[in-house]
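Worksheet: the structure to be examined is printed underneath.
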2 protein chains.
Amino acid sequence: MRKPRPTPAPPAAAKRPERRVTSYDVALLAGVSQSAVSRCFKPGASVSKATHERVMKAARCLDYIPNAAARSLITRRSNLVGVIISSLAGPEALAELSRQITQRGKRALLFTPTRENELDTILSEVWQYQVDGVIAAASLSERQVAQFARRRVPLVMFNRGAHGPAVNAVVCDQAAAARLLVSRLAEAGHRQFALIDGPQDCADAQQRLLGARMRIAELGLPVPAVVDGHGDYASGGNGIRAIIAQLGRVPDAVICGKDVAAIGCLDTARHELGINIPGKMAVAGCDAVEASAWLSHKLTTLRQPIQKMAQAAADLLSGLIDNRDAAPQQRLFNAQLVEGATARLDTPDSRDLALRLALNKHGLLTI
Amino acid sequence: MRKPRPTPAPPAAAKRPERRVTSYDVALLAGVSQSAVSRCFKPGASVSKATHERVMKAARCLDYIPNAAARSLITRRSNLVGVIISSLAGPEALAELSRQITQRGKRALLFTPTRENELDTILSEVWQYQVDGVIAAASLSERQVAQFARRRVPLVMFNRGAHGPAVNAVVCDQAAAARLLVSRLAEAGHRQFALIDGPQDCADAQQRLLGARMRIAELGLPVPAVVDGHGDYASGGNGIRAIIAQLGRVPDAVICGKDVAAIGCLDTARHELGINIPGKMAVAGCDAVEASAWLSHKLTTLRQPIQKMAQAAADLLSGLIDNRDAAPQQRLFNAQLVEGATARLDTPDSRDLALRLALNKHGLLTI
DNA sequence: TTGTAGGCGTTATCAA
DNA sequence: TTGATAACGCCTACAA
């Protein structure tokens, strides 16, 4: 048996490690037991109205707030969700994930790996903090994914290639979207393609370009020029220069793994190389960042439903936290083609028709 | 007295709330006491080499990781740093803060208020999690700031107007930078200014525009046109239209509280209103976002040393955590003028000189 | 509905 | 250097 507090409370000023306000203090002031206080802070617990009021008043008076660490120790719930996100994954996803996690009464504990090899260090911290689950928008090795299973920590992969059907994942069908993009560009008459690769550790960009290459091959188009990139603005500019050097001519269409690179490519092509876009060359991105819609870019790109995906990830994780034995699932979303002004996407025929309609609208032509 | 574990370990499979691996399990396997295990995980504790090895081997064997919640309970250190950041503050700041916090052996617990009134809710959660300190890139009321002092939780304001000298803050001298911008624009001959305001809850944007207005007044220039904005792309476009309607003419120079709005203004002016920039009108932003440097914008703007500021914030907070009674300090940084291509910043004289030099360089003129 | 008592997993203290 | 023991602050049967 142990005495709740050695010093009842008032004469506790001499202690060095400055005492915090605890539920015992509140109980003392309210004239109830400590467990009564505890129950008052648990939604749906059985407490009389009178007790509840007295306790809450005392709590307010003392600025009492329950200690999450102590609670998590006994309940085995930290209400913490680890979010592992490499900076390349885009700020919109992070903001949206944070919001969704908060809505479900949990908090995002942020892990931002800068290099691949940091991931093991990060994981060991993840375990320490006893997170209830993890949403990972970073590339985990199979060994790392296996650790989650062994420790029984629910994991949801976000927008990353899932390692087999045993892993929970929310993904956008990048390959399908890229295939669609190639098909549309090909229909419109583009034949010589070029690809500016995204960063190696960005699985979604890799998926997109893989899909594009396959579709190009299927359609029997010329072998595309491919250059590496890091997904940043400079990569786009350097990329288009390298492509032209490689092909010995300007390609018909350039597809970039990342929008920012696509904008870099677009700007360099227009302002430094003097290439008419979309007249002479088409440029397309793949992830519809905010800037892609700006008037000076109007980039043709692929929009992923990030909000819905974040919501799905949070839902999926919540479910797993409440029922760790739920069957793993993959939720697949489709990207949507954003028809900007950097690529001709219409077939020659439909373009004629559109032109005629436009002229007709201005009264210049009668159909 | 209490027995470490009711069930020694092997036959513990029947328990429902599935036991975790604890330091007791490691101790049992290594044949030492539990406190010996604890000491092995504390850097600089006095343990014999032999014991250390045995314990570590057992720990690896059992996948043991210390429980941060239990540790934080007794040490009163959670190693958690609350980061309160409104989405408007920019992703670069968040990434940099996260990195700096990690480098100091702590973790960022993310709080992203979407509306002002959410802040009180957020703070009550901050207290629950027993964070060691908070970096706030959001506007806190004086009452809210006072709560930090009362609870003795170190607080560092990041890029937000400090509430008096008693608050720790890392700020960039926005007003001074804006004054410089106005001065340079005025020297170059711009007289009629217009301002597109940032969001109300974005104190740095407010500071910048305040500085600009004061300098405009000091120089005896015409009263500037001022329109409200939210700091987003659309605000820039709407803003410039409203300004022209208000003035009845195109202003000489537009200064925007946020770069993204400035780009919106620039694009709309160029592509929709057909205004020659910088010939007919100057456009300037204030926070040097990544896109401002792109070739299609080349925005004249003000660069804040975000990396240094994040480092300073993390340093300051670390110091406060180790010594809560340290005197509060403000660390002030200066913004740097980025001379883009959206504003003439040279005086008429120097422009002539520059022109002559340029022509001379091409052999078209001899000085 | 309320109080008692034990335990969550760790670190800190102190004697051996 | 090591081990026993007492916190840390809370939740939760169980009994009243």
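Every chain is numbered from 1 and lettered A, B, ... according to where its sequence line falls, protein lines coming before strand lines.
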Tell me the interatomic distance from B:Gln130, atom CD, to C:dT10, atom P, rounded to whole angstroms. 19 Å
Quick one: is D:dT2 close enough that its OP1 or OP2 comes under 4.0 Å of any side-chain N or O from B:Thr51? yes
A quick test of your reading: do over 12 heavy atoms of other residues, nucleotides or ligands sit less than 6.0 Å from CD of A:Gln103? yes
C:dT10, OP1 or OP2 - any side-chain N/O from B:Tyr64 closer than 4.0 Å? yes
Taking the ring of A:Phe148 and the ring of A:Trp127, is the distance between their centroids below 6.0 Å? yes
Under 4.0 Å between any heavy atoms, over every strand shown, what does A:Val37 touch: base, sugar-phosphate, or nothing? Just pick one. nothing
Between atom NZ in B:Lys42 and atom C1' in D:dT1, what is the gap in whole Å? 15 Å
Among A:Arg151, A:Gln130, A:Glu125, the one residue meeting side-chain contact (heavy atoms from CB on, under 4.5 Å) with B:Ile65: A:Arg151
How would you label the contact of A:Ser72 with the nucleic acid (heavy atoms, under 4.0 Å): base, sugar-phosphate, or nothing? nothing
Using OP1 and OP2 only, check whether a side-chain N or O of A:Arg71 sits under 4.0 Å from C:dC8. no
For C:dT2, take OP1 and OP2 only and decide whether either is under 4.0 Å from a side-chain N or O of A:Ser33. no
Check: B:Leu110 main-chain N/O paired with A:Arg107 side-chain donor or acceptor under 3.5 Å: yes
Between B:Thr75 and D:dC8, is there a side-chain N or O to OP1/OP2 distance below 4.0 Å? no
Spacing of A:Arg77 atom CZ relative to C:dC8 atom C1', expressed in whole Å: 16 Å
Does A:Arg39 make a side-chain N or O approach to OP1 or OP2 of C:dG3 shorter than 4.0 Å? no
Would the base of C:dG9 count as contacting B:Arg19 through its side chain, where contact means a donor and an acceptor less than 3.5 Å apart? no
Check this one for me: any side-chain N or O of A:Thr22 less than 4.0 Å away from OP1 or OP2 of D:dG9? no
Could you tell me whether the side chain of A:Gln34 has a donor or acceptor atom within less than 3.5 Å of a complementary atom in the base of D:dC11? yes
Whole Å only: how far is the CG atom of A:Asn67 from the P atom of C:dT10? 16 Å
Nearest-Å distance for atom pair CG/P, residues B:Leu73 and C:dT10: 12 Å
Which whole-number value in Å describes the distance from B:Leu28 CG to C:dG9 P? 15 Å
Starting at OH of A:Tyr129 and ending at P of C:dG9, how long is that distance when rounded to a whole Å? 19 Å
Distance-only side-chain donor-acceptor flag, A:Glu118 / A:Thr121, under 3.5 Å: no
How close or far is atom P of C:dG9 from atom CG of B:Leu62, stated in whole angstroms? 14 Å
Phosphate contact (D:dC10 OP1 or OP2) by A:Ser38 side-chain N/O below 4.0 Å: no
So for A:Ser35 and C:dA5, does any side-chain atom that can act as donor or acceptor lie under 3.5 Å from a complementary atom in the base? no
Closest-nucleotide ordering on DNA chain D, the 5'-leading residue of B:Ser48 and B:Ile74: B:Ser48
Keeping the roles fixed (side chain from B:Thr51, backbone from B:Val47), state whether a donor-acceptor pair exists under 3.5 Å. no
